[in-house]
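Indexing begins at 1, ligand by ligand and atom by atom, following the structure's order. FYI, the numbering just counts along the sequence from 1.
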Amino acid sequence: MFIIILTISIVIVYFYITDYYSFFEKLGYPCVKPSFPFGSFKNVGRSEHISEFMRREYENFKDKGPAFGVYQVFRRTLVLTDLDVIKDVLVKRFDIFHSHGVDLEYSNDKLFHSLFFVDGQRWKDMRAILTPVFSSSKIRLMFPSISKQSDRLIEYIKEACGNKDCCELVHIYSSYTTELIANVAFGLDTECFGKPENEFYKAAYEFLNPTTSERVKALVMISFPKIAKLLGMSLSSKGTKEFFNKVVRDNIEYRMKNNIHRNDLFQRLISILHNQTKMTFDEVVANCYFFLLAGFETSSSTLTFCSYELALNQDVQDRLREEIFEVLETHNGEVTYEAIMEMKYLEMVFLETIRKYPILEAQTRRAAKDYQIPNSKLVIPAGTVVLIPTIGFNYDETHHYEPEKFDPERFNKENVKAREPFVFLPFSEGPRFCIGNRFGPIQTKIALVKLLKNFSIHPCSKTSIPLEISPSSYLQAPKCGMWLKLENLY
Ligand code: HEM
């Protein structure tokens, strides 16, 4: 009897898996060949980072139709390669593709009830409430706090690296961005430099560098949100939730009791909270937490990769330093918001860095209804998650000459004008583009300006050339840290 039940079970599972893996074929799309149990992701997270997978498969499939299928373990996603379809998805048919397709909003984890994860009317309302918080006038008001933190970065580098032959920069840069976000988004003065045990730093770093079991849990929660909710699964630990709730509550109380009013993100969120119809306390905490995750790794990894490229391309470094000194001379030597906005070559270097090392290898959306791909018989069925493979386009020779080369000139006026729209999407497009698209660059650029004012950057004996990317981190990160030599200029 046992043998019969076992045989029937194996046959049922076999047919289920075969049927599951024929999804894209039945719809008429080519796909990256799947195999049980990881689908198309045989090596992702183990020997290759998802960005390396995405780049290679985009090259393999870009001429084989407007989209191709990928079985991301338990998740079936369509990767879009046609620019007109991408434009529809991000902008024209936002009515269909408005969700990121990450259902953590419905999970038990209130720390994820923030802008990135909510959908529908709640997203619309929250986006309208938070947009003014990131306006250029508000960023300008926050600039003195950002500037103070960047001074601490330079002081710490002088102390910790001061003419050492090799210095590891990943942790230094992530301490800088963590302190900065803790300061402006939580109203806290944390001391993260040289203190990896700092609770704030640990919470952000551990989330973005998950263990294998945490990765599996995240995948299950995203693929089967309803089951995850039933099982009471949560991405963040009880301790992390309590910690962030307490930090926000204590700081609100402290500011009210002492009548403190500062020009930072936290103050804006307190005002939003006082208007009780707008956002709940849990939503305020969740958004502060997401700002920490978004602001911490995006800017620190851009600083890391940019330092690496500047070390390897001394001509670019020299030209950038020249521009910095030239512009600062007209601003009495002071690094002001206006001075940074005048630095055109700095902007080109920043954009070239996020072209080569985009923060997200792909943007995601989920179809709320069936979508017929124009001029084809292909349909994206309701419920399907689609990916826009930013990294594929960034390295596509059709759009970027010599894509491996670090060349900021590809972002000069003429080259930008000549490029097709929607080919380069560092902050995405359409109503759901990155809300931190002013804040992120400014915290990166001010650090770069002060670094180049004080140090020259060189490769050292421990620099990994070519750079290896860690397969298991969520966002791209160097596998063995970033070792460079920072030489004092004075
Ligand atoms: C160099 C820095 C950054 C880059 C390259 C970047 C890039 C992106 C990208 C590509 C998206 C996805 C957009 C989409 O799905 O269409 C996004 C979303 C988002 N980013 Fe950023 N980001 C950066 C910094 C920041 C910072 C500093 C914050 C906040 C403090 C932030 C907050 C957000 C939020 C809240 C969303 C979700 C927006 C929504 O769903 O309405 N980002 N970002």
For the student: nearest non-hydrogen atoms of [X] and [Y], plus distance:
X      : Y      : value
Lys110 : Ala286 : O-CB, 3.4 Å
Phe393 : Thr81  : CZ-O, 3.7 Å
His98  : Asp119 : O-OD1, 4.3 Å

For [atom], which candidate among [options] holds the nearest heavy atom?
atom                    : options                : result
atom 40 (O) of ligand 1 : Arg432, Gln363, Gln443 : Arg432
atom 18 (C) of ligand 1 : Cys434, Ser428, Ser301 : Cys434
atom 4 (C) of ligand 1  : Phe350, Phe427, Phe439 : Phe427

For [atom], find the nearest protein heavy atom and state the residue, atom name and distance (0.1 Å precision).
atom                    : result
atom 9 (C) of ligand 1  : Leu360 CD1, 3.8 Å
atom 26 (C) of ligand 1 : Gly436 CA, 3.9 Å
atom 37 (C) of ligand 1 : Phe116 CD1, 3.4 Å
atom 34 (C) of ligand 1 : Phe290 CE2, 3.5 Å
atom 24 (C) of ligand 1 : Thr298 OG1, 3.6 Å

Which atoms of ligand 1 have any heavy atom of [X] under 4.0 Å away?
X      : result
Ala294 : 28 (C), 31 (C), 32 (C), 42 (N)
Arg127 : 38 (C), 39 (C), 41 (O)
Pro426 : 5 (C), 7 (C), 10 (C)
Trp123 : 39 (C), 40 (O), 41 (O)
Gly295 : 27 (C)
His100 : 14 (C), 15 (O), 40 (O)

I'd like to know whether the aromatic ring centres of [X] and [Y] sit less than 6.0 Å apart in this structure.
X      : Y      : answer
Tyr156 : Tyr176 : no
Phe200 : Phe243 : yes
Phe291 : Phe134 : yes
Tyr308 : Tyr357 : no

Please determine which of Ile373, Leu378, Thr384, Leu387 meets the side-chain contact (heavy atoms from CB on, under 4.5 Å) test together with Leu78. Thr384
Residue part near ligand 1, for Ile359, under 4.0 Å between non-hydrogen atoms: side chain
Hey, what's the ring geometry for Phe424 with His400, parallel, tilted or perpendicular (30° and 60° as the breaks)? perpendicular
Please verify the inter-ring angle class for Phe427 with Phe350; under 30° counts as parallel, over 60° as perpendicular, anything in between as tilted. parallel
What I want to know is whether Thr364 and ligand 1 share at least one N or O pair that is separated by under 3.5 angstrom. no
Closer than 4.0 angstrom: is that true for some heavy atom of Arg365 and an atom of ligand 1? yes
Regarding Glu57 and Asn60, is there a side-chain donor-to-acceptor distance under 3.5 Å anywhere? yes
